[in-house]
Visitor: 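This is the structure, below, for whatever I ask next.
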Amino acid sequence: MKIGLLGMGTVGGGVRELAERLPDVKIARILERVHTRPEMTNHIEDILRDDSISLIVETMGGLHPAYEFAVQSLESGRHFVTANKLLVSAYGRELQALARRRGVGFLFGAACGGGIPYLSNLAAAREGDHILRVGGILNGTTNYMLDAMQTRGLDYAAALREAQALGYAEQDPTSDVEGLDTLRKLILAVAVGMRRWLREGDIPVHGISGVLPQDIAWAQEHGFALRLCAFGAEQGEQISACVEPAMCPLASSEASVTGNLNQAWYEGAGCGTLRFGGQGAGRYPTAANVLRDVLALREGARYMLPDDCPDAGVRLMDAQRYYLRLPIGMPLPEWAGAGCDAGEYRVAATGPVPPQAVYALASENKNVFFARLQKE
Ligand code: HSE
């Protein structure tokens with residue numbers, strides 16, 4: 001099977017290396033700006049003109065020109081495999097419809113969970129079961145950072161630098177730390193598992209860029225690990241969904257997710273809750289998952305999205321308990337309880353409150369930080 005590889009960054013380089021060990025898979029051409037190998041080119045046309053290439057693997061990231069290249073590849077009758085969550089969460093349905101029209105495959109298993117074969121499993125589970133809920137820790141960069149801050153006492157900037165140096169973060173890590181990368185993965189999990197398409201702008205998303213040592217200290221003192229969690233649950237025609245930091249009890253499975261690991265789970269009416277753990281980011285784990293798709297295609301796998309995947313509205317979650325940290329001058333709302341002083345801040349653990357009350361408070365002042373207090 002001859003492959004055209006688009007992009008030779010962290011993941012693309014890993015795909016090329018791992019593919020060399022597979023006897024009947026050959027990376028025939030590579031699209032890359034800087035040429036270090038004879039098979040490299042700057043022009044996608046050079047790849048699409050090569051009739052021996054039957055599959056395009058995209059690991060360049062970003063929306064454009066990845067989208068245009070995906071369309072050209074599928075139009076030309078090539079299978080298309082990608083790890084690009086931004087691309088698939090924006091154009092997944094359109095690209096799959098195009099792939100179907102052209103009679104070729106479109107797989108994106110590495111776009112959620114890095115090295116974890118989560119989406120492929122979820123797609124199979126959906127066919128025989130009714131998936132009720134999906135979620136988990138879906139970003140390796142932020143998990144690495146939060147774990148490093150809590151267990152090694154690193155500050156935020158040092159933790160981010162390490163995650164970048166290890167090849168976990170996006171080129172612009174804003175999408176990692178602000179929760180957007182997690183959000184896009186949640187959109188894919190909901191679509192693949194629950195046959196509904198969510199719009200990015202409808203889902204409440206709160207990341208970890210505001211986290212301070214005080215929050216980590218509170219977690220430590222009260223027996224929690226701070227994690228960035230995604231959640232989606234069927235609620236009639238709608239989906240209740242969010243991405244937000246959570247204080248996870250040390251005995252919970254989330255607290256055991258350390259370093260760049262992820263934990264993606266789904267709950268089916270029949271199978272109950274299944275949890276999938278592994279490296280959620282990084283060169284070789286993600287490349288290995290890309291190659292799983294390549295080999296699955298060779299064995300006849302074609303699509304991950306259901307053909308019928310209509311838009312769905314988003315509901316907020318029911319009332320939850322929250323950890324809140326506010327600047328000392330900012331009045332603590334009555335619903336937040338008494339709270340106590342922590343240097344320049346006041347912290348509180350609330351009773352069950354509607355998430356919108358907490359979101360509104362956080363939108364008033366960028367020095368407010370919150371995290372859902374997760375039950376066991
Ligand atoms: N930046 C992403 C993460 C890469 O940290 O999870 C894998 O999708």
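One-based numbering, in listed order, for ligands and for the atoms of each. Note: hydrogens, waters and symmetry copies are ignored here, and every other heavy atom, side chains too, is used.
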Visitor: Look at atom 2 (C) of ligand 1 and say which protein heavy atom is nearest, naming residue and atom and giving the distance to 0.1 Å.
Guide: E170 OE2, 3.1 Å

Visitor: Apply side-chain contact (heavy atoms from CB on, under 4.5 Å) to the pair N42 and H35, showing each step before the final yes or no.
Guide: CA-CA 8 Å; N42 285 330; H35 296 180; 3.1 Å; yes

Visitor: Centre-to-centre under 6.0 Å for F370 and Y359, is that the case here?
Guide: yes

Visitor: Just need the protein heavy atom nearest to atom 8 (O) of ligand 1, so name the residue and atom and give the distance.
Guide: K85 NZ, 2.6 Å

Visitor: For the residue pair Y67 / Q72, report whether a side-chain donor-acceptor contact shorter than 3.5 Å exists.
Guide: no

Visitor: Got F369 and H206 here, is their nearest side-chain heavy-atom distance under 4.5 Å?
Guide: no

Visitor: Flag N262 as yes when one of its N or O atoms lies below 3.5 Å from any N or O atom of ligand 1, and as no otherwise.
Guide: no

Visitor: Tell me which one of R133, R195, R196 satisfies salt bridge (charged side-chain N to carboxylate O under 4.0 Å, His left out) with E234.
Guide: R196

Visitor: Tell me whether the centres of the aromatic rings in F80 and F69 are closer together than 6.0 Å.
Guide: no

Visitor: Under 4.0 Å from any heavy atom of K185, which atoms of ligand 1 are there?
Guide: 2 (C), 3 (C), 6 (O), 7 (C), 8 (O)

Visitor: Pick one of side chain, backbone, both or neither for how T141 approaches ligand 1, counting any non-hydrogen atom pair under 4.0 Å.
Guide: both

Visitor: Nearest heavy atom to atom 7 (C) of ligand 1 wins, so pick from A111, S175, G280.
Guide: G280

Visitor: With a distance cut-off below 6.0 Å to the six-membered ring centre and an angular limit of 45° from the axis, does R325 pair with Y345 as a cation-pi contact?
Guide: yes

Visitor: May I ask you to list the atoms of ligand 1 that are less than 4.0 angstrom from any heavy atom of D176?
Guide: 1 (N), 2 (C), 3 (C), 5 (O)

Visitor: List every atom of ligand 1 that sits less than 4.0 Å from any heavy atom of N139, numbering the atoms from 1 in the order shown and giving each element.
Guide: 2 (C), 3 (C), 5 (O), 6 (O)

Visitor: Are any of the heavy atoms in G114 under 4.0 Å away from ligand 1?
Guide: no

Visitor: Indicate whether the side chain of D176 and that of Y168 have a donor and an acceptor atom separated by less than 3.5 Å.
Guide: no

Visitor: Please write down residue, atom name and distance for the protein heavy atom closest to atom 6 (O) of ligand 1.
Guide: G140 N, 2.8 Å

Visitor: Numbering the atoms of ligand 1 from 1, which are under 4.0 Å from a heavy atom of Y168?
Guide: 1 (N), 2 (C), 3 (C), 4 (C), 5 (O)

Visitor: Within the 4.0 Å heavy-atom shell around A281, which atoms of ligand 1 are there?
Guide: 3 (C), 4 (C), 5 (O), 6 (O), 7 (C)

